[in-house]
Amino acid sequence: MSHTLNIYEPLSIEAIRAEFPILQTKVLYGGHPLVYLDNAATTQKPTVVLEALDEYYKTINANVHRGVHYLSQRATDAFEEARRKVASFINARYDYEIIFTRGTTNGINTVSSTFGRAFLRPGDEVLISAMEHHSNIVPWQMACEYYGATLKVIPMNERGELDQAAFATLIRGRVKILALTYVSNSLGTVNPIRDMIRTAHTYGVPVLIDAAQAVQHMPVDVQDLDCDFLVFSSHKIYGPTGIGVLYGKEEWLNKLPPHEGGGEMIKTVTFGKTTYNDLPFKFEAGTPDMSGAIGLKAALDYVDSIGIDRIQLAEEALMSYALDALSTVPGIRFIGEAEHRSGVISFLLAEHHPFDVGELLDKQGIAVRTGHHCCQPVMDFLDIAGTVRASFSIYNTPSDVDSLVTALQKAGRILG
Ligand code: PMP
């Protein structure tokens with residue numbers, strides 16, 4: 001593995017693939033080699049991550065922060081080192097602006113419920129976009145319902161691009177917070193979040209960015225973006241499941257009340273009153289996912305060893321190859337044709353149901369996702385039941401794309 005960060009040096013995808021044991025899978029039915037194109041749902045894990053998890057349980061495992069003994073101190077050091085790694089990966093100003101969560105969904109719920117409690121009042125508005133994942137809709141809907149606020153939605157066009165004129169109007173309302181996805185998981189759209197954050201700030205509105213589909217594909221610098229909160233999931237960036245990250249600017253995290261109560265998030269407890277711990281512990285009640293944090297650190301080290309800029313270039317080249325190759329498939333219709341796209345290609349094959357297409361691809365060893373991708377409002381807007389979604393990662397090759405194209409042609413012939 002090259003550690004040089006020359007972004008123009010071509011990547012050896014074969015060397016990268018060799019680091020992911022699961023990619024050797026033969027899909028049962030016909031012994032087809034696995035073509036894994038469901039990376040937006042979850043990514044596979046390189047050996048370094050698997051080894052870090054194994055090593056953790058074999059040599060470090062102990063509960064963090066509370067113990068004076070050797071192992072507990074080692075576990076605490078490793079856990080806090082993981083936090084520093086995340087902070088430097090997204091360029092947070094302070095380590096304590098990084099809160100470990102269970103994932104993107106848990107991070108959004110943490111903000112929606114605490115922000116709601118502190119700031120949402122009847123008549124206030126929460127602004128989201130038309131292309132949000134259910135996990136960036138439902139928590140806000142729940143908060144709005146509870147506090148008497150109104151959920152407003154930035155509309156999009158048929159290509160899957162947000163209507164910036166409508167945004168400029170909506171943001172002038174009684175908006176208390178804007179929650180927006182960086183990259184759409186159903187359409188692949190990359191939203192112009194830097195500009196939108198700047199606009200929101202001119203009206204004093206804080207912004208939460210859902211970076212679940214961004215951090216693994218492009219450099220994300222929270223200070224440069226100037227977002228107030230940003231969330232992502234470890235499992236979508238080659239790390240283990242069950243852990244994720246909530247970044248919050250210090251001033252905002254300090255303004256919010258704690259989310260869950262329990263051990264770790266307190267300074268003192270009496271039956272009469274509890275005082276809360278400082279950041280980041282105020283938001284980390286209970287025993288955290290120690291092995292998960294250490295696995296996530298290994299995953300981010302892995303990404304850094306290749307270089308996120310090089311990953312971005314390689315994936316962009318693969319995406320454009322895939323778009324050209326897929327457009328030769330008879331009857332294909334792309335869903336989402338925004339000018340800036342990343343990671344995801346959604347499509348339909350003639351009038352066939354996405355599920356039927358997905359099943360026929362599976363029989364040929366190709367893993368894609370079909371359905372609404374947790375974006376039912378996107379499907380309703382486009383008046384479709386769902387899409388077939390191929391999503392890419394650093395270990396995918398042009399040959400994976402060729403296999404997809406051949407398998408789609410065959411599926412099209414079978415379905416008539
Ligand atoms: N937001 C987006 C854009 C996503 O793609 C996903 C995962 N599909 C989520 C949120 C939810 O992530 P998780 O299930 O890991 O909490």
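As the structure lists them, so they are numbered: ligands from 1, and atoms in each ligand from 1.
Protein residues lining ligand 1, listed by chain and number: Thr104, Thr105, His133, Ser135, Thr181, Asn185, Asp210, Ala212, Gln213, Ser233, His235, Lys236 [non-hydrogen atoms, distance under 4.0 Å].
Partners of Leu360 according to the side-chain contact (heavy atoms from CB on, under 4.5 Å) rule, which considers only residues two or more places apart in sequence or in another chain, are Ala411, Ile414, Leu415. Shown here are the ring pair (Phe, Tyr, Trp, His ring centres under 6.0 Å) partners of His134, two or more places apart in sequence or in another chain: His372.
Remark: Lys363 qualifies as a cation-pi partner of Tyr29 under the 6.0 Å distance and 45° angle criteria applied to the six-membered ring.
Remark: the backbone N or O of Ala40 is paired with a side-chain donor or acceptor of Lys236 at under 3.5 angstrom.
Residue pairs satisfying the ring-ring contact (aromatic ring centres under 6.0 Å, His included) criterion with at least one member in residues 96-118, sequence neighbours excluded, are listed as follows: Phe79-Phe100, Tyr94-Tyr96, Phe115-Phe119, Phe115-Trp252.
Residues Asn396 and Asn39 bring a donor and an acceptor atom of their side chains to less than 3.5 Å of each other.
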